[in-house]
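Naming convention: chains lettered A, B, ... in sequence-line order (proteins, then strands); numbering from 1 in each chain.
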Number of protein chains: 4
Amino acid sequence: MPRVSEEHRERRRQQILDAAQRCFVRKGFHKTSLQEIFRESGLSAGAVYGYFRSKDDLIRAIAARSEPQVSAILEEILDTGELPPLDEIVARFAAGVIERMGSGGGILIAPQGWALATYNPAVHEAMARIFSNTRSWWTRVAERLQDDGRLAPDADPHAVGAVLTSIITGFIVQRLLLGDVDAETLREGMRTLLSSDLGSSEAVGVGNELDRALALPVRSLDAG
Amino acid sequence: MPRVSEEHRERRRQQILDAAQRCFVRKGFHKTSLQEIFRESGLSAGAVYGYFRSKDDLIRAIAARSEPQVSAILEEILDTGELPPLDEIVARFAAGVIERMGSGGGILIAPQGWALATYNPAVHEAMARIFSNTRSWWTRVAERLQDDGRLAPDADPHAVGAVLTSIITGFIVQRLLLGDVDAETLREGMRTLLSSDLGSSEAVGVGNELDRALALPVRSLDAG
Amino acid sequence: MPRVSEEHRERRRQQILDAAQRCFVRKGFHKTSLQEIFRESGLSAGAVYGYFRSKDDLIRAIAARSEPQVSAILEEILDTGELPPLDEIVARFAAGVIERMGSGGGILIAPQGWALATYNPAVHEAMARIFSNTRSWWTRVAERLQDDGRLAPDADPHAVGAVLTSIITGFIVQRLLLGDVDAETLREGMRTLLSSDLGSSEAVGVGNELDRALALPVRSLDAG
Amino acid sequence: MPRVSEEHRERRRQQILDAAQRCFVRKGFHKTSLQEIFRESGLSAGAVYGYFRSKDDLIRAIAARSEPQVSAILEEILDTGELPPLDEIVARFAAGVIERMGSGGGILIAPQGWALATYNPAVHEAMARIFSNTRSWWTRVAERLQDDGRLAPDADPHAVGAVLTSIITGFIVQRLLLGDVDAETLREGMRTLLSSDLGSSEAVGVGNELDRALALPVRSLDAG
DNA sequence: CATGAATGAGGCTTCATTCAT
DNA sequence: GATGAATGAAGCCTCATTCAT
C-alpha cells in the first residue's frame, strides 16, 4: 500500500505529461532534453523517473494520451440523432481539430508521432492502433450514410472511410504548414466536390492499367 | 585529387544525400548519427563536411530535394491533353506516390519533414514553400475542371485544391501507418463521394454556428 | 548526493580549478584537453560542466583567481609601518613571485593569460582589470615615497608606478625564460640604478624628437 | 638544382610567414587553423607544406624571425658615438617597440611566444636564446655606462642588464594590456627613479633575511 | 611545383540515467 | 517519495596532414 494516494500519483503523472507536451510542441521530441522537462514540470529528475521509465516511455505516454482526444471530437458529432450533410461533418471535425491546436494542444505533436511511427516499430504499433480507430469512426459514418440511403448500396464504406480519414489527416498537416486553411475552406471544397459529378461514370474494373502501380493486394480494411 | 569538375562535386553531393536519405528512412533524422551517414556514404567526416555545413544543413538539403519529385508526378498527369475523371487523377497520383515509397524513396521521409517543420522555423519555411507549390498544382486541376464545365462556375478552385491536397497528404500518412490503402481504394472512395449527393444543398451562410470555431479569417489561398 | 551545501560546491570548484591549473602549467591552455582536466580532477565531464560552462569559462576563472594572489604579496609589504628602500620592496615582491612559481603555482600561467589577452577581448578585459589593480598598488608605493619626501614633489607617481610594474612583469618573464635571475639580482640592479645619476638632468620638453614615435597621447593613468 | 630559383622560394617563405603572422596576431597561435593561413596567404595546403613541415615549424619560424627585429632597435641606439642618458635609451627603445606594434607587427605575438616557451621545451630553447641575446645588449649598455664612469666601478652590469631587460619586457606587456603607457611615460618614470636616492645605502650582505625566499643559486648571468 | 579534396583522430559538449542522501 | 549532483557514452564537428592529379 503506497504512502501516497493513487490520486496524487495520477496528478503528478499529468503534471509531467503536460510539461513534456509543452516542450515537445516547442522543440520536438528529440530536441527536447529531459532536463528541460524537469525544469518545465518543476520536478526533479528522480521524481520524473519515478513515473516514467525512460524518455521513450514518456513519448509513448504522450502519444497514447492523444487517442481519446481525437475520438471525442467524432463521438460528439456522431451522437447527434440525424447525421448532418457530409461536408458539415468534416468541417465540424476540422473545427474541433483547430480548437485543439491552441498552445500546448496535443494535435500539434501528432505529426511528430506519425513521423516517429515511420521508423520506430513500437511507436508504429501504437500510432497504427490510434489511426485505425479514427478510421473506423469515419467508416461508420459512411455506413450510416449508406443506411440512410444517401450512399449507393454497393458503395464500399471502407474506401469512403479511407478517403475521409485522409482528408482530415491531410488537413492537419496543411493547416500546420500553411496555416491558411480553416474548417470553412474544407467545407466549401467538400461541398463543391460532393455536389459535382466529377467521378468516373462506372467502376473501373480489375485489370485496369492502373493496377500495375499498386504495390499491395487489396485487403479487407480495418479488420484488425 | 584537386581541381575536380563541378560535375564531380554534384555527384558527391548526391552520393551523400542518397546515403543520408537511406539512413533517415531507417532511423529518422534525429536518431541517425553522422557517423552512420559517413559509413553509409563511404566517405569520411571531413569529406561530408566539405559539402554540408552541418547536420541541419544536410536535413534541409534532403527536404529541398523532395520538391521536384512530387511535382514530377503531377506534371505528368496534367500534361495529358484531356483531363481524366477526378477520381482517376487522384488515384494516379497516389500510385505515383506509392511507387516512390520503395526502399530509400523520398516520400518515406516526408512526414519527418512535416513534423520537423512544426517546430523548426527554417524547415517550416522550406516545407511550406514545397507544400504550397503542390497545392498550386491541385488548384490548377480544379481550375481546369471548371474551365471544362465539370465544376460549377461559382465554385472556389482554391477550396477544392485545398481538399485535394489534403486527400493526398493524408493518404501518404495513412499508407505509411496502416499500409492497407492503395491507389484503388482511394479511387473507389473518391468515385463514391463524387457521384453521390452528400453535400449541403446550398452554401452555409456567414454567421453559421460553425464560425465560432474558425480561428483564422478566410484569406485568399495560394496568393503568394 | 543532492542538496549539497554551498561550501561543498565551492570546494568542488576549487578542486576543478586546481586540477585545471596543474594541467595548464604543464601543457598550456590550448594543448590541455578537457579530458585531461577530468582525469586530473578525478571528476567526470558532466560534473565539471556543472561548474563551468565551457573551457573558456574555466580559463577565465583561472585568470580571475590569480588577482588576489598578486595583491596579497604587495599588501603584505605595504602594511609595514615604514616603507623599506625601493630596491628592497621590489626584491621582496620578486621573492614573493618566485615563491608562487612552485609547481602548480599560479604565476606560471600568468604569461599565458597575457598572451591570450592579446587577441581575446573577454580575457583582455579580465586581465586588464587585474593588471590595472596591480599597477595601482605600485603607484601607491610611489605616492608614499613622495609623501616621505624621498621622491621629488613634482615627480609623477603614475609614471613611476608604470616603471615599477614593468620591472616586476618583465622579471616574471625573464625568470621563466632564463631562470637565472632572482630577487637578489633584481635588488642589486635596482640599487645600482637608484643610487646612480644616470637620468637626464632635466625634463625633456614637449616637441622632443622622441615624440614622433609616440603613438598614444599621454593620458592620465590608472584613472579607471 | 631546383627548378625554381632560391629567390622565389624565399619570397614564398616570407609570403607565408607574413600571412601566418597576421593570423596569429588576430587569433593566436592555437586558434589559428592552417586553413586560415592558406586562405590569408593565397596559397594551397600543399604549397605551404612545401615550405614548412608542420604548424609547429611555422610557429618556430615566426619566433626566429622576431629576433633580428628586436636587435635592430638596440643596435641603432648603441651605434651612436656617445651614449644618451639611460632614461632616453630606454624611451627610444620603447618607441621602437611601439612602432613595431602596428597592425601585423611582430611584437604583438611576442607574449604568445613567451607563454608558449613556458611549457614547450623546444620553443623555450628558441625563446631563451633570443631573450638572452637581448639581455646581452642591455648588459653591454651597462658596461659602457660603467666604462664612461657613470656607473660605480663595483656595480654588476649583469644585474643592471637584467633590470633593464625586465623594464622593456614588462613595458611591452603593460602596453598591450592597458594601452595607456608610451615611451614618454617610461622616460619620465625612469628619470625620476634614476635621479632620486631611493635605494639602500649599502649592499645588503649575504645571509640577509631575503635569501630564504630565493629559489635559485646566484649564477653568473649571460654566461651561455 | 602546386592543387585542394579527402582523411580520421580527437576535441568540446550534451544528456539520459543513476543513486547517495 | 523526492532530490539533484554525478556519470560517461556518444554526438557533432574541426583541423593538421596527405597524396592523387
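- Aromatic ring pairs are classed by plane angle as parallel below 30°, tilted from 30° to 60° and perpendicular above 60°; the pair C/W114 and C/F131 is perpendicular.
- Interatomic distance, CD1 of C/I16 versus CD1 of C/I37, reported as 9.5 Å (0.5 Å rounding).
- The phosphate of F/dT7 has OP1 or OP2 within less than 4.0 Å of a side-chain N or O from C/S44.
- Side-chain proximity of C/H8 to the nucleotides F/dA6, E/dA2, E/dA6 is greatest for F/dA6.
- Distance check: D/R13 CZ to D/L58 CG gives 9.0 Å after rounding to the nearest 0.5 Å.
- Distances were taken from every side-chain heavy atom of C/L43 (C-beta onward) to each of E/dT7, F/dT7, E/dA2; the shortest belongs to F/dT7.
- If you take NZ of B/K27 and P of F/dG11, they are 8 Å apart, rounded to a whole angstrom.
- Inspection of the C/Q15 and C/R12 side chains reveals an N or O donor paired with an N or O acceptor under 3.5 Å.
- Between B/R11 and B/E6, none of the side-chain N atoms (NZ, or NE/NH1/NH2) sits under 4.0 Å from a carboxylate O, so this pair counts as no salt bridge.
- For D/K55, whose side chain is taken as the heavy atoms from C-beta onward, the closest listed nucleotide among E/dA16, F/dA16, E/dG4 is F/dA16.
- Taking only side-chain atoms of D/Y51, from C-beta outward, the nucleotide of E/dC1, E/dA5, F/dT14 with the closest atom is E/dC1.
- Near DNA chain F, meaning a heavy atom under 4.0 Å from it, residues 29-41 of chain A has no residue at all.
- To the nearest angstrom, P of F/dC12 lies 17 Å from CZ of B/R53.
- One interatomic measurement links the two molecules: CZ of D/F52 to P of F/dT18, which rounds to 16 Å at whole-angstrom precision.
- Between the OH atom in A/Y119 and the NZ atom in B/K31 there is a gap of 7.5 Å [rounded to 0.5 Å].
- Phosphate contact (OP1/OP2 of E/dA6, side-chain N/O of B/R12, threshold under 4.0 Å): present.
- Along DNA chain F, the nucleotide nearest A/A45 and the nucleotide nearest B/A45 are compared for position; the residue whose nucleotide lies closer to the 5' end is A/A45.
- Among the nucleotides E/dC12, E/dT18, F/dG4, the one closest to the side chain of C/Y49 is E/dC12.
- For DNA chain E, runs of at least 3 consecutive pairs of the Watson-Crick or G-U wobble type, with both hydrogen-bonding distances under 3.5 angstrom, map to E:2-21 with F:2-21.
- Contact annotation for B/G46: base contact, defined as any heavy-atom pair under 4.0 Å involving a base atom.
- For DNA chain F, no neighbouring residue in residues 17-24 of chain B is found when judged by any heavy atom under 4.0 Å.
- Using a cutoff of 4.0 Å between basic side-chain nitrogens and carboxylate oxygens, C/R26 and C/E40 are scored as salt-bridged.
- Not a single donor-acceptor pair under 3.5 Å links the side chain of C/Q112 to the backbone N or O of D/L116.
- Whole-Å rounding puts the B/R11 CZ to E/dA5 P distance at 14 Å.
- What you find for A/I62 and A/A20 is that their closest heavy atoms are CD1-CB, 4.2 Å.
- For the residue pair C/A128 and D/L177, the shortest heavy atom distance occurs at CB-O, 3.7 Å.
- At most 12 non-hydrogen atoms from other residues, nucleotides or ligands lie less than 6.0 angstrom from CD of B/E125.
- A donor-acceptor pair under 3.5 Å links the side-chain atoms of C/K55 to the main chain of C/F29, judged by distance alone.
- An OP1 or OP2 oxygen of E/dC1 is reached within less than 4.0 angstrom by a side-chain nitrogen or oxygen of D/R9.
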